[in-house]
Amino acid sequence: MNATMDVLVSLSKRRGFVFQSSEIYGGTGSCWDYGPLGVELKNNIKRVWWRDFVQARADMVGIDASILMHSTVWKASGHLDHFTDPMVDCRECKHRFRADHVNDLPWTHYCPATKGNKFTIPPGEPCGHCGQRRTLCPECGKGELTAPRQFNLMFKTFMGPVEEDAAVTYLRPETAQAMFVNFDNVLQSMRLKLPFGVAQAGRSFRNEITPGNFIFRTREFEQMEIEYFVNPHDRVDGRSADEYWHDRWIGDCMAWFQRYGLRDENLRLREHDKDELAHYAKRTVDIEYKFPIGWSELMGIANRTDFDLKQHSKWSGKSLTYFDEERKEHVVPYVVEPAAGVDRALLAFMADAYREEEVRGEKRVVLRFHPELAPLKVAVLPLLKKREDIVRVAQTIRADLARQWRVVYDDTAAIGRLYRRQDEVGTPYCVTVDVQTVGDAERGETGDQRVTIRERDSMEQIRVPVAELAAVFRELLGGVTWTDLAPRYPPVRS
RNA sequence: GCGGGAAUAGCUCAGUGGUAGAGCGCCAGCCUUCCAAGCUGGGGGUCGCGGGUUCGAAUCCCGUUUCCCGCUCCA
């Protein structure tokens, strides 16, 4: 069965993945807190993203910019003009006006006193024929206007302790701008050649009009963004570099989500129509995921052209160009932007991993996380908690493995229940220490110094020497599959 | 923004004016040699919040907040 949003919200709270923000005060709409397991999962997502897209590539570097920036950044980027003024809409023609300007616009008026003749009336004046003042849309003259709406998409704040004197600025609504603003710093300090990319993961803030659907749309969220700069004059495979790299990134990003567990049937690409493209974009393709709420955007990959660098160059007066040695010319790079939401990725990975299975007539809830994403990697479980020798070995194993991975120890229930608990939070491997491991000193039996490793999805078990545990987990948690590794060790029948 | 529904234990929910409940989960003990076993005991709720009616309110009334569904809006 597919996970419903309710089931995920409930599991998230019960097992420490996600809590509603400020819950004891009644909760804050559209804000969520990551709990002990949620933060591990989220950090793992960000880490593999960084490793795969920054660390592993010669053409990528990263930055970590401040959330507060010079307010002119948002003037240049277009966010300030587009998103901070009270707006009214015409219900008929859908034209949008700034509410504080609407009364200054000449009014197109279909006058009832002159059988619907059309007049243009100056601002503030009544109609000379019927005496009416403006009530309808200045543009089409027919539609009613909606009440003014404050489109504060950006969170306004004040730099400086005294509000009246302080400079107004904004919490960034996207991380991208810091990478454009730092273009020249990064280029010069790292001696980069096009094409190259700058990556950043960090928080962004938007006063969303309609937040909701758990962590899908929140007012504070985390992005993983890449700005990949290319020389638009270059040709790759017979195409312009920006178009070539745009498609490359779409493919790479899609493959990345598949690699970490999202199923093909839950992923698709969606091309933005020309009329829905953002003002800066030449082409945008969304990777959509089949969330519990339906198909929705998981990440967007946009060709932002040279819009942003040109804007910042214009507003700052600084040249933001790249010198093409071959052509002996300065060019403004085009930029391809793969932008993913960390929280949405987490939701997708969780939804896709969720399974309800039947095992021996009982329901088993299991999160089949990719081992690299799983918040807990290994649970160490003593089969008998009253046997000091067993407990001692188990504790030693836990401490040893915990130097490299997130490992937990649990002895508070029967083994079956302990397994189910770990299944429910997606722990890929359990290590069980039993009498066979340590032997029975009273009977003069020595143990075999082997423990049972149990794999989450197949529930298969193998006997592995304690001395080899760390090496085995380095393989299992580093890309080697269970199917490849398990045959090297004797199985255990349960 | 409009309409409808909901809010009681960690979770799922019962409780329609008279001492705050169940199942599951959680904790402790006993038991237990590998897939939510059993027994015993335990912690945990100012019934979303504020006001009102009443001898008495989880229950009736008003307000408010949050969440869900639909519409609208938005990208």
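Everything quoted here is computed from the prediction, not taken from an experiment. Chain A is the first sequence line, chain B the second, and so forth, proteins listed ahead of strands; every chain is numbered from 1.
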Watson-Crick or G-U wobble partner for [N], using a 3.5 Å limit on both distances?
N	answer
C71(B)	G1(B)
C31(B)	none
G50(B)	C62(B)

So which nucleotide from [options] ends up closest to the side chain of [X]?
X	options	answer
Arg463(A)	C35(B), C27(B), C34(B)	C34(B)
Arg421(A)	C26(B), U32(B), C35(B)	C26(B)
Ala414(A)	C34(B), C27(B), A37(B)	A37(B)
Leu384(A)	U33(B), C31(B), C34(B)	U33(B)
Gln20(A)	C34(B), U66(B), C30(B)	U66(B)

Measure up the [X] and [Y] rings against each other and bin them: parallel (under 30°), tilted (30 to 60°), perpendicular (over 60°).
X	Y	result
Tyr228(A)	Trp245(A)	tilted
Phe17(A)	Phe369(A)	tilted
Trp256(A)	Phe53(A)	tilted
Phe216(A)	Phe291(A)	perpendicular

Taking atom types as they are modelled, is there a donor-acceptor pair under 3.5 Å from the base of C35(B) to the side chain of Arg417(A)?
-> no
Point-to-point distance, once rounded to the nearest 0.5 Å, from CZ of Phe349(A) to CG of Leu298(A) |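 Atom-to-atom, Phe349(A):CZ and Leu298(A):CG are 7.5 Å apart.
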Hey, is the side chain of Lys386(A) poking within less than 4.0 Å of OP1 or OP2 on C30(B), counting only N and O atoms?
-> yes
Within the pair Thr412(A) and C27(B), is there a side-chain N or O less than 4.0 Å away from OP1 or OP2?
->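 Affirmative; the distance criterion is met.
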Letter by letter from the 5' end, nucleotides 4-13 of chain B scores (B base, S sugar-phosphate only, - none; protein heavy atoms under 4.0 Å) ------SS--
Give Asn213(A) one of three labels, base, sugar-phosphate or nothing, depending on what nucleic acid heavy atoms sit under 4.0 Å from its own.
->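 Contact class for Asn213(A): sugar-phosphate only.
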Here the residues of residues 392-401 of chain A within 4.0 Å heavy-atom distance, strictly under, of RNA chain B are none
Examine Arg270(A) relative to Trp295(A) and say whether NZ or CZ is less than 6.0 Å from the centre of the six-membered ring and inside a 45° cone about the ring axis.
->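 So Arg270(A) doesn't make the cation-pi contact.
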Ring-face cation contact, Tyr289(A) with Arg344(A), 6.0 Å cut, 45° max |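 No - Arg344(A) does not lie over the ring of Tyr289(A) by the 6.0 Å and 45° rule.
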Between U66(B) atom P and Trp32(A) atom CH2, what is the distance in whole Å?
->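 My rounded result for the distance is 13 Å.
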Atom CD of Glu174(A) and atom C1' of A75(B) are separated, to the nearest Å, by 13 Å
Taking Asp423(A) for the side chain and Val366(A) for the main chain, is one N or O donor matched with an acceptor at less than 3.5 Å?
-> no
